[in-house]
Amino acid sequence: MPDDNLSLTAKREAAVAALADVPREPGAKKPDPILVADDVKRHFGGLLAVDVDHVEVQRGAITALIGPNGAGKTTFFNLLTGFDRANSGSWTFNGRSLHGTPPFKVARAGMVRTFQLTKALSKLTVIENMRLGATGQRGESFWRAMLPFTWRGQEDAITERAEELLARFKLDTKRDDFAGSLSGGQRKLLEMARALMVGPELVMLDEPMAGVNPALTQSLLQHVANLREQGMTVLFIEHDMDMVRDIADWVVVMGQGRILAEGPPETVMSDHKVIDAYLGAHHDQSLAELEEQLETGTLAEEVAAELGQAPAEAVPVEHTGETKDGR
Amino acid sequence: MDWGNILELSLRELIGVQAIVFALAAIGINVQFGYTGLLNFGQAAFAAVGGYGIAVIVTTYDMSFWLGLVVGIVGAIVLALLLGIPTLRLRADYLAIVTIAASEIVRLVGRSAWGRDVFGGSDGITGFSSAFYDLNPFTEPFEFGPFQFRERVLWVLVVGWVLVAVCTLVVWLLMRSPWGRVLKGIREDEDAVRSLGKNVYAYKMQSLVLGGVIGALAGMVYSLFQGAMQPDVYATNFTFFAYAILILGGAATVFGPVLGAAIVWFAFQFIDLALRGAIRQDYIPSWFMDANDTGAVRFMLTGIVLVLLLVFRPQGILGDRREIALDAR
């Protein structure tokens, strides 16, 4: 069973132990945060897509960022990595502020991301994709590029490292194929391996399991878990809660742009706010009950409140709280 | 019809000055479009800046030819920066719009009455090429089989082909280096390259400048050969011609632009002469077309060939079919 060797490593135990005393509440302080974000907001017209008050990501742990579609997970990722600009807010990586930093500098700082729609560079071979990931290449400067002897040695070292990674991700047989000829799952693997070529401290994976053949999902999860074993911190987005249970040490739940809940997978899965966010606040009520409410007029009030407030202000937490109380 | 003569004249065009000029222009576009995916529709402007650099410095200001060369190249770099700084952070289509407008601006400023004292208006500038021909080491015509080149033409051809060879060598060296790999990555997906810690903006700028400088060399060769710098030579069709040549030869291949230019100018001359011959011999009836129509008909035939090429060989003559096949997935 892959689950067993996933759960029994020392690194995982250390990560779980470190997070044991952290309160299970949104914005909880972590003992050793690698990434700290405060008051991050992003509007798209009238829609407040991201409105994160405070979140910390524990170093050396696998943190899953989950939430229903449209919760703002990817937008939050884009803001943190500089691919999109926040309207306000600040965040630090390893204590260094990254607000307003362009994406390439974010990556060089050690925070490397992948994309939901896999970005394999189709017309480059697999090995070229990998080599591209290495940083500080001498041959990437215009003048030295024309003098192969200045970068040949470094290129060989990079190739060797790339081949090791390819072997680990079982892509070594595809070494000289165009990346565009790979299957969806192989592209995900390639993108992950390529991100590792940068030598990141924090790997940010945007839905690494999306569009991947279920047979490959376990092996992908294993690869994600291995990143922690090699001392990296992982933050990954997923909208399927079952996927994260096996490997995540800590789960952050987003809904309508806000952090709804935090905690270890077991705690979070049973959190009523999380269930409400995924299934709707009325999922466990029978139609008869709803009808009753409709007659008494309470449901109409709720609907009116929802319609009136929904677009401009994100009020999911308070709102779902209210309905819960009203039941 | 004298097929021997037609073939001889056509083969002269195969290695002729036009082929050199468009090979250089297309090499520049190949760096920008073929490898980096930048849509520079203003290659004519870069060529014009190169030509004007020499012409204005030598004729208008009566300064040294070598200074003119430097001014032409620096001018191309400045133009690339001007076009690139506002647009390279935006989506690819903005560069296309700005460059096509810029190429008309350069031409219209050049031929304007307002700038007549400097740029010579629509008549252009002459009398700047003597320093170049003074350097000519050839003192007598060169004969090779049926071919004969006068020493003036020979000098332009030698300098031109050396330039083409040097530019091709530079592109070859660059595109097998990590620098070229970043460019190709940007062509495929610039966000992916950004996420790997590369300064995409700087690479796009370098690519735009390099391609622009090679384009300026094209303009220099042409105006020195003509002995005149005429703005209307560098209309937008100059750019699109270079694109057609690049796509014919194979974009993102090292020798594609050179091969494309040679073939196009050979085919142009061959079709033209063959049609004229056929009309003279009454193989083609005069109600259908006369000798004045050949210029237009050869463009039509070229168009048909390009369409056929895109249907049956979209990767160009030298391109890799597998790369095109990836786009269809």
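Excluded from the calculations below are hydrogen atoms, water molecules and symmetry mates; all remaining heavy atoms, backbone and side chain alike, are included. The sequence lines fix the lettering, A, B, ..., with proteins before strands; numbering per chain opens at 1.
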Contact origin within [X] toward chain B - heavy atom pairs under 4.5 Å:
X         : value
Thr81(A)  : neither
Pro103(A) : both
Arg152(A) : side chain
Glu155(A) : side chain
Phe83(A)  : side chain
Glu128(A) : both
Ala134(A) : backbone
Ser141(A) : backbone

Who among [options] has the most heavy-atom pairs with chain A under 4.5 Å?
options                                    : result
Leu174(B), Leu183(B), Val200(B), Val193(B) : Leu174(B)
Asp191(B), Asp320(B), Leu210(B), Val170(B) : Asp191(B)
Leu173(B), Val182(B), Asn199(B)            : Asn199(B)

Distance under 6.0 Å and angle within 45° of the ring axis: does [X] meet both against [Y]?
X         : Y         : value
Lys119(A) : Phe115(A) : yes
Arg42(A)  : Phe76(A)  : no
Arg181(B) : Trp179(B) : no

Give, as side chain, backbone, both or neither, the part of [X] having an atom under 4.5 angstrom from any heavy atom of chain A.
X         : value
Tyr203(B) : side chain
Arg176(B) : both
Leu169(B) : neither

Would you check if the distance from the ring center of Phe238(B) to the ring center of Phe22(B) is below 6.0 Å? yes

Distance-only side-chain donor-acceptor flag, Glu140(A) / Trp151(A), under 3.5 Å: no

Distance-only polar pair, side chains of Asn94(A) and Arg59(A), donor-acceptor under 3.5 Å: yes

Is there a side chain to side chain contact (heavy atoms under 4.5 Å, CB included) between His43(A) and Leu47(A)? Walk through the geometry before answering. CA-CA 6 Å; His43(A) 302 269; Leu47(A) 177 81; over 6 Å; no

Best-contacting candidate, Leu132(A), Ile158(A), Thr135(A), Val198(A), against chain B by heavy atom pairs under 4.5 angstrom: Leu132(A)

Should we say atom OH of Tyr94(B) is surrounded by more than 12 heavy atoms from elsewhere, each under 6.0 Å from it? no

Evaluate whether atom CZ of Phe65(B) has more than 12 neighbouring non-hydrogen atoms of other residues, nucleotides or ligands under 6.0 angstrom away. yes

